[in-house]
Amino acid sequence: MDLLKKLSRAEKKLIKEAVEAELERYRIYKTTAFVRREANVTSRPEPRYHGPTNETSDQTGSIAAYNVDELRRREAFCIAVEEATSRLPKKEAFLVKERYLNLESDYVTDLGMYTFKFDPPISEGTYVKIRDRSMLKLALILRVKCGVDFNALFREGG
């Protein structure tokens, strides 16, 4: 991928950190239960010293909308990450799934990945190339905001 060669080390690091944050959010969504909001039905004991605001609110309606919308947003995000990962080449998809999407990924290191997970084991340099390619592709597929102007890179003939 010629685009990868045009990126500086700092840009690659920005992309990697942004995609890792999104993949961590995926793991959090997959491992934690969604806590639904509930309506407050008791009045507050402290007095309120202000005049009427003439605003009406539908507390129950807004809470119900949040509960439905947030759950769907989480599900859509997880599906998008899984589909993006499935579009990657075999080695890149393996790396992302084992290193970042696995429930035990907090305890997996890069050294452990290229030494023990890949069969046959690969060198650190090869691992970094595969990781950088997969991070760049995921950033583009998922449209991750990472501070790198991809449009400028594409205009340069990448």
Side-chain angles (χ1 to χ4, degrees), residues 1-40 59-158:
M1 180 176 266
D2 292 332
L3 185 60
L4 196 59
K5 293 177 183 175
K6 292 181 179 182
L7 294 171
S8 68
R9 185 176 294 168
E11 289 173 326
K12 289 177 188 176
K13 184 177 179 184
L14 284 173
I15 292 168
K16 179 178 172 278
E17 289 173 353
V19 172
E20 282 179 344
E22 293 298 301
L23 296 177
E24 183 175 1
R25 184 165 61 122
Y26 168 87
R27 279 195 321 270
I28 290 170
Y29 286 174
K30 282 296 209 180
T31 58
T32 60
F34 173 65
V35 179
R36 296 182 180 275
R37 291 183 180 172
E38 294 184 12
N40 186 4
Q59 180 188 20
T60 306
S62 63
I63 289 172
Y66 170 81
N67 287 341
V68 171
D69 293 344
E70 180 65 15
L71 189 59
R72 285 191 181 154
R73 187 185 65 77
R74 284 174 167 232
E75 289 171 353
F77 175 75
C78 290
I79 289 169
V81 169
E82 290 164 359
E83 286 180 359
T85 305
S86 69
R87 291 183 193 171
L88 297 175
K90 192 175 179 180
K91 286 186 179 182
E92 293 174 16
F94 174 77
L95 185 147
V96 170
K97 287 176 185 174
E98 289 294 318
R99 176 70 174 93
Y100 298 104
L101 301 183
N102 190 345
L103 296 179
E104 300 294 324
S105 65
D106 288 336
Y107 307 104
V108 177
T109 62
D110 289 334
L111 175 66
M113 280 297 298
Y114 64 79
T115 305
F116 300 112
K117 295 282 186 177
F118 276 92
D119 188 28
I122 59 175
S123 69
E124 180 182 7
T126 304
Y127 175 80
V128 169
K129 287 178 187 175
I130 294 170
R131 184 190 64 205
D132 287 348
R133 271 193 223 114
S134 64
M135 292 293 147
L136 177 60
K137 289 175 185 176
L138 286 175
L140 291 170
I141 293 169
L142 296 172
R143 297 183 176 143
V144 175
K145 292 181 176 67
C146 56
V148 176
D149 186 12
F150 292 116
N151 292 328
L153 293 170
F154 285 123
R155 280 192 299 266
E156 292 173 6

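With contacts defined as side-chain heavy-atom distances shorter than 4.5 Å, the pair Ile141/Arg87 qualifies. Residues Leu88 and Leu95 fail the side-chain proximity criterion, which asks for heavy atoms closer than 4.5 Å. In this structure, the side chains of Leu4 and Arg133 come closer than 4.5 Å at one or more pairs of heavy atoms.
Going from atom CD of Glu83 over to atom CG of Leu142 covers 10.0 Å, rounded to the nearest 0.5 Å. Of the inter-residue distances, the one linking Cys146 atom SG with Leu138 atom CG reads 11.5 Å to the nearest 0.5 angstrom. Interatomic distance, Phe77 CZ to Arg74 CZ, rounded to the nearest 0.5 Å: 10.5 Å.
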**Request:** Carefully, step by step, assess Arg36 and Leu71 under the rule side-chain contact (heavy atoms from CB on, under 4.5 Å).
**Result:** CA-CA 9 Å; Arg36 296 182 180 275; Leu71 189 59; 3.6 Å; yes
Could you tabulate the donor-acceptor pairs under 3.5 Å formed by side-chain atoms of residues 7-17, not counting sequence neighbours?
from	atom 1	to	atom 2	distance (Å)
Ser8	OG	Glu11	N	3.2
Glu11	OE1	Ser8	N	3.0
Lys16	NZ	Glu20	OE2	3.0

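Of all the heavy atoms in Ser105 and Glu98, the pair that sits closest is CB-O, 4.4 Å. Between Ala18 and Lys145, the shortest heavy-atom distance links the atoms CB-O, 3.9 Å. Taking each heavy atom of Phe94 and Lys117 in turn, the nearest pair found is CZ-O, 3.5 Å.
Partners of Ser123 according to the side-chain hydrogen bond (donor to acceptor under 3.5 Å, both in side chains) rule, which considers only residues two or more places apart in sequence or in another chain, are Thr126.
The pair Glu75-Arg72 does not meet the salt-bridge criterion, since no charged nitrogen lies less than 4.0 angstrom from a carboxylate oxygen. For the pair Glu82 and Lys30, the salt-bridge criterion is met [side-chain N within less than 4.0 Å of a carboxylate O].
Defined by atom type and a distance below 3.5 Å, a donor-acceptor pair is missing between the side-chain atoms of Tyr114 and Arg99.
A ring-centre distance under 6.0 Å is not found for Tyr26 and Tyr100.
No more than 12 heavy atoms of other residues, nucleotides or ligands lie within 6.0 Å of CZ in Phe116, so this atom counts as exposed by the packing criterion.
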